[in-house]
Amino acid sequence: MTLIVSYIEDGEVYLYSDTLVSFSKQQGKPGFHVLKILMLSPTLVIAFSGAYRQALEVFFDLIKQESPPQLSVGDLAHLLHLRCASISEELGREVSPDFLLAQSGPEPIVYRITDQEFKACPQHGWIGNGEAAAKVFRAPERNRTGIGRAMRATVFNAEFDDVGGHFVEARGTTKGFRFVPKLCSGQPIPDTTLSFSSVTAGANPSLN
């Protein structure tokens, strides 16, 4: 599982994601981390949850083709839904990934896509852990700042076993999508109670 949420505000699209790929205890596989928000074009991104191998196959199949960029985002969402349904029928529902397909520009839109349905998310959407998503959207501040802060806390607090790793944010404006860099410093706060004496040339430095 995983958690990815989307939020549209003031004509811009925000995607927030974790990076953890986890497995059930029965499988006995260690988890690892991957980037789950992938660029199809400057103004179109796809994010996935669930079976990462199948999700990456879908992504690479899309970027190898010339036709998807010529399709409307709604038509592309429909094609992704059909692909998910095909994977589900062939390999089982647990192997079919879910997607968020987001388009930036004058009319930003996000589609939530599963093997069961695809639908537009005019303000907010999610894929992955439903309980974790519900907690994020209960943020006291129902805006991009509050949603982003709640998502970051959900990723870092390790409250949900299948949500974790690194916090990733992508922002879509009229110019297209870009990843938003985040600086997380674990450096200790300097101790301002220490003072240093001046050092004369050739002398041994000493602490006061």
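Keep in mind the model is a prediction, meaning the values are calculated, not measured.
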Considering all heavy atoms, the nearest Thr2-Leu20 contact
OG1-O, 4.1 Å

Got Arg144 and Tyr16 here, is their nearest side-chain heavy-atom distance under 4.5 Å?
yes

State, yes or no, whether a side-chain contact exists between Glu9 and Ile147 at a heavy-atom distance under 4.5 Å.
no

Over all atoms of both residues, closest heavy-atom pair of Glu141 and Arg149:
OE2-NH1, 2.6 Å

Pair Thr173, Lys175 - check side chain to side chain contact (heavy atoms under 4.5 Å, CB included), show working.
CA-CA 5 Å; Thr173 68; Lys175 296 180 179 179; 3.7 Å; yes

Check: Gln103 and Val13 side chains under 4.5 Å, non-hydrogen atoms
no

Roughly how far, to the nearest 0.5 Å, is the CD1 atom of Ile8 from the CG atom of Leu15?
9.0 Å

Derivation and outcome, side chain to side chain contact (heavy atoms under 4.5 Å, CB included), residues Lys36 and Val168
CA-CA 9 Å; Lys36 301 175 184 178; Val168 179; over 6 Å; no

Exceeds 12 heavy-atom contacts within 6.0 angstrom, atom CD of Glu131
no

From Thr19 atom OG1 to Phe32 atom CZ, the distance as rounded to the nearest 0.5 Å
10.5 Å

Is Val73 reachable from Ile63 through a run of I, L, V, M, F, W or Y residues, each pair having side-chain heavy atoms under 4.5 Å apart?
yes

Out of Asp161, Thr154, Asp162, which one pairs with Asn129 under the side chain to side chain donor-acceptor pair (under 3.5 Å) rule?
Asp162

By the definition side-chain contact (heavy atoms from CB on, under 4.5 Å), identify the one residue from Val5, Ile4, Val163, Val155 that meets it with Ser17.
Ile4

Any side-chain heavy atom of Leu101 within less than 4.5 Å of one from Leu40?
yes

Examine distances only and state if a side-chain atom of Arg112 and a backbone atom of Trp126 form a donor-acceptor pair shorter than 3.5 Å.
yes

Let me confirm one number: the CZ-NE2 distance from Arg83 to His78, rounded to the nearest 0.5 Å.
14.5 Å

Tell me the closest heavy-atom pair linking Val21 and Val34, and the distance in Å.
CG2-CG2, 3.5 Å

Leu62 side chain near Leu80 side chain, heavy-atom distance below 4.5 Å
yes

Trace of the side chain to side chain contact (heavy atoms under 4.5 Å, CB included) decision for Phe99 with Val58:
CA-CA 10 Å; Phe99 296 100; Val58 171; 3.9 Å; yes

Scanning both residues in full, the closest heavy-atom pair of Ala139 with Gly146 reads CB-O, 3.8 Å

What are the two closest heavy atoms between Ile113 and Cys84, and how far apart are they?
CG2-SG, 4.4 Å

For the side chain of Asn143 and the backbone of Thr145, is there at least one donor-acceptor N/O pair under 3.5 Å apart?
yes

Under 3.5 Å, is there a donor-acceptor pair between the side chain of Ser6 and the main chain of Gly125?
yes

Is there a donor-acceptor pair under 3.5 Å between the side chain of Ser86 and the backbone N or O of Leu82?
no

Are Val180 and Val110 connected into the same hydrophobic cluster when the rule is that any two of I, L, V, M, F, W, Y join if their side-chain heavy atoms are below 4.5 Å apart?
no

CZ (Phe177) and CZ (Arg171) are apart, to the nearest 0.5 Å, by 11.5 Å

If we ignore hydrogens and angles and just use 3.5 Å, is the side chain of Ser96 paired with the main-chain N or O of Ile87 as donor and acceptor?
no

Separation between CZ of Phe156 and CE of Met151, rounded to the nearest 0.5 Å
10.0 Å

Quick one: closest heavy-atom pair of Ile127 and Leu100, and the distance?
CD1-N, 3.7 Å

Trace of the side chain to side chain contact (heavy atoms under 4.5 Å, CB included) decision for Tyr111 with Leu76
CA-CA 10 Å; Tyr111 278 87; Leu76 184 54; over 6 Å; no

Please list, one pair per line, the donor and acceptor atoms closer than 3.5 Å that link side chains of residues 114-124 to other protein atoms, with sequence neighbours excluded.
| residue | atom | partner | partner atom | Å |
| --- | --- | --- | --- | --- |
| Thr114 | OG1 | Gln116 | N | 3.0 |
| Thr114 | OG1 | Glu117 | N | 3.2 |
| Thr114 | OG1 | Glu117 | O | 3.4 |
| Asp115 | OD2 | Ser88 | OG | 2.8 |
| Asp115 | OD2 | Arg93 | NE | 3.3 |
| Gln123 | NE2 | Tyr7 | OH | 3.3 |

